[in-house]
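Heads up, the thing below is written out as C-alpha cells.
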Amino acid sequence: MQIGMDLVVVNYKTPGDLEEFCRSYQEYPASIPTNLVIVNQDPEDADHEVGAAYADVHLPQANNYYSGAANVGAAHGDSEIIGILNADTRLLSGTLDIVYGQMMANDDWGVAGPLQYDDRGKVTHGGIFGSLQQPEHRGWHKPIAKRLRENEEAVTVSGSAYFIKRSVWDELTNCEVYRDLYPDVKGAFLPTTHYYEETWCSYHTQAHGYKVVYLGEAEMIHKWHQATPIGGWHDRQMPESRKMFREMCDHHGIPRD
C-alpha cells in the first residue's frame, strides 16, 4: 500500500464542474502524494477533454451509476486513503491534509466526511447523526454554525465527499456476508442505481468495528444536484435503493431504519 490518497471523481456530463474541481485540486495540493482518478460516465467531447487534461487515470465508461463508478475508480490505486467525490465539489485550503492527518492518526476511524456548503454558504452536508435506526441530517441548507466546524462521530456522511481507509474498503468489499447477496460486487459501495450506496458502506463500516466521523474542521464546496434535476430520474431511484439497503442490512444483522 502506498502513502497518500487516491481521489476518485465521478462525473456525469458536467465538464464545467469537473474542471472547477480539477482547478481546485491544483490550487490546493496536499502535502502527501495524491492520485487523481476521473471516472467519466457516458462522456461527451468536453468531458473527455477535461479528463484527459487533468487525470492521472482517466476512465471513460458507459454509465454504471455512482456506485459502480466509485467501485471501479477505487480499484485504480493503492493509496492508504480513498476519496470518492462528486464532480460538483471543490477542495479548499487544507482539505486533503486535514482529512489525511486525522484519519491516519486515529486507528479506529474507517470513514470520514468533511463539512460541505454551496457557493452561497448554505450547508449541503453538516453530518448525519441520530442512530442507525433513525438517522438525522444536521444543518441542511442552513448558514454555517460554529458547531458544524467540530469533529463528531456520525451515523454516516455524504457520498459527495466520502473518505475511507483502503484497508477498510478492501475488508468490506471482501466481506463474505456482503458477497452472499452480491457475489460479483467490485467494491464496498452497494450497487444501487442511486442513493444508499455510501449509507450502506457507513453502516457496514460500523458493523466491522470502525468509526464513521463527521470531520467539521475540513471544508469543501458542494453545489448539490448539478448533474440531474431535482425530482428527476435519479430521485426516483430512492425506493428501490432503500429496499436493497434494508435487505442487505437485515442479511448482515445490522440495525437500520
Side-chain angles (χ1 to χ4, degrees), residues 1-10 21-22 24-39 55-57 70-86 89-116 125-129 147-175 178 187-189 197-222:
M1 194 175 298
Q2 302 295 315
I3 293 171
M5 277 192 185
D6 296 313
L7 298 179
V8 178
V9 182
V10 179
F21 173 86
C22 292
S24 76
Y25 176 72
Q26 292 184 332
E27 184 176 0
Y28 301 114
S31 62
I32 42 90
T34 54
N35 178 45
L36 180 60
V37 180
I38 295 176
V39 186
D56 296 302
V57 179
N71 288 343
V72 167
H76 285 263
D78 190 35
S79 298
E80 297 161 300
I81 305 292
I82 304 166
I84 299 170
L85 303 144
N86 281 16
T89 60
R90 297 200 305 273
L91 301 171
L92 296 171
S93 179
T95 301
L96 298 180
D97 284 334
I98 293 169
V99 172
Y100 180 83
Q102 287 283 18
M103 292 191 77
M104 298 309 297
N106 291 278
D107 291 341
D108 58 349
W109 288 20
V111 169
L115 165 65
Q116 297 167 61
H125 177 62
I128 303 168
F129 301 98
R147 185 184 177 193
L148 297 182
R149 289 195 161 102
E150 298 174 356
N151 303 338
E152 188 174 346
E153 190 171 351
V155 168
T156 186
V157 293
S158 174
S160 55
Y162 192 94
F163 294 86
I164 182 169
K165 289 177 178 172
R166 182 170 290 278
S167 58
V168 175
W169 179 270
D170 290 344
E171 180 179 329
L172 302 182
T173 300
N174 295 316
C175 171
Y178 181 31
F189 270 14
E197 55 276 276
E198 87 284 0
T199 308
W200 159 251
C201 189
S202 291
Y203 278 50
H204 197 195
T205 293
Q206 291 163 86
H208 280 246
Y210 305 100
K211 291 181 179 179
V212 174
V213 179
Y214 167 71
L215 196 56
E217 67 177 294
E219 302 180 18
M220 288 187 66
I221 301 296
H222 177 218

Closest heavy-atom pair and its distance - Thr89, Leu85
OG1-CB, 4.0 Å
Once side-chain hydrogen bond (donor to acceptor under 3.5 Å, both in side chains) is applied, do any residues pair with Thr34, and if so which ones, sequence neighbours excluded?
Tyr25
side-chain hydrogen bond (donor to acceptor under 3.5 Å, both in side chains) against Ser158, all qualifying residues, sequence neighbours excluded
Ser160
Begin with the C-alpha distance, continue with both residues' side-chain angles, and end with the deciding distance and a verdict on side-chain contact (heavy atoms from CB on, under 4.5 Å) for Leu148 and Tyr214.
CA-CA 9 Å; Leu148 297 182; Tyr214 167 71; 3.8 Å; yes
Residues at least two apart in sequence or cross-chain that pass side-chain contact (heavy atoms from CB on, under 4.5 Å) with Ala70, listed by chain then number, are Ile84, Phe189
Who pairs with Glu27 by salt bridge (charged side-chain N to carboxylate O under 4.0 Å, His left out), at least two apart in sequence or on another chain?
none
State which residues pass side-chain contact (heavy atoms from CB on, under 4.5 Å) with Thr95; sequence neighbours excluded, sorted by chain then number.
Leu91, Leu92, Met220
Residues that His204 engages under ring-ring contact (aromatic ring centres under 6.0 Å, His included), provided they are two or more places apart
Tyr178, Trp200, His208, His252
Separation between CG (Asp170) and SG (Cys175), nearest 0.5 Å, reads 13.0 Å
Are Thr199 and Ile128 close enough that some pair of their side-chain heavy atoms sits under 4.5 Å apart?
no
Enumerate the residue pairs fulfilling salt bridge (charged side-chain N to carboxylate O under 4.0 Å, His left out) with a member in residues 155-166, sequence neighbours excluded, ordered by first and then second residue.
Asp6-Arg166
With sequence neighbours excluded, tell me which residues meet side-chain contact (heavy atoms from CB on, under 4.5 Å) with Thr205.
Val111, Ile164, Val168, Leu172, Cys201, Tyr210, Val212
So, for Ala218 and Pro114, which heavy atoms are closest and what is the spacing to 0.1 Å?
O-CB, 3.3 Å
Approximate separation, where rounding is to 0.5 Å, of Asn86 CG and His222 NE2:
4.5 Å
Met5 to Ile32 - nearest heavy-atom pair and separation:
N-CD1, 4.1 Å
Would you give the length of the straight line joining atom CG of Asn71 to atom OG1 of Thr173, rounded to the nearest 0.5 angstrom?
6.5 Å
With Glu80 via side-chain contact (heavy atoms from CB on, under 4.5 Å) - residues at least two apart
Met1, Ile3, Tyr100, Met104
Using the salt bridge (charged side-chain N to carboxylate O under 4.0 Å, His left out) rule, collect all pairs that involve residues 212-221, keeping only residues at least two apart or in two chains.
Arg149-Glu219
Minimum heavy-atom separation for Leu36 and Cys22, please, with both atom names.
CD2-SG, 4.2 Å
Ala188 versus Trp169, closest heavy-atom pair with distance
N-CZ2, 3.4 Å
What residue pairs, at least two apart or across chains, pass salt bridge (charged side-chain N to carboxylate O under 4.0 Å, His left out) with a residue in residues 97-111?
Asp108-Lys211
Stepwise side-chain contact (heavy atoms from CB on, under 4.5 Å) test for Phe21 and Ile221:
CA-CA 9 Å; Phe21 173 86; Ile221 301 296; over 6 Å; no
side-chain hydrogen bond (donor to acceptor under 3.5 Å, both in side chains) filter on Tyr162, not counting sequence neighbours, yields Ser202
Between the CD1 atom in Ile82 and the CG atom in Asn35, the distance rounded to the nearest 0.5 Å is 11.0 Å
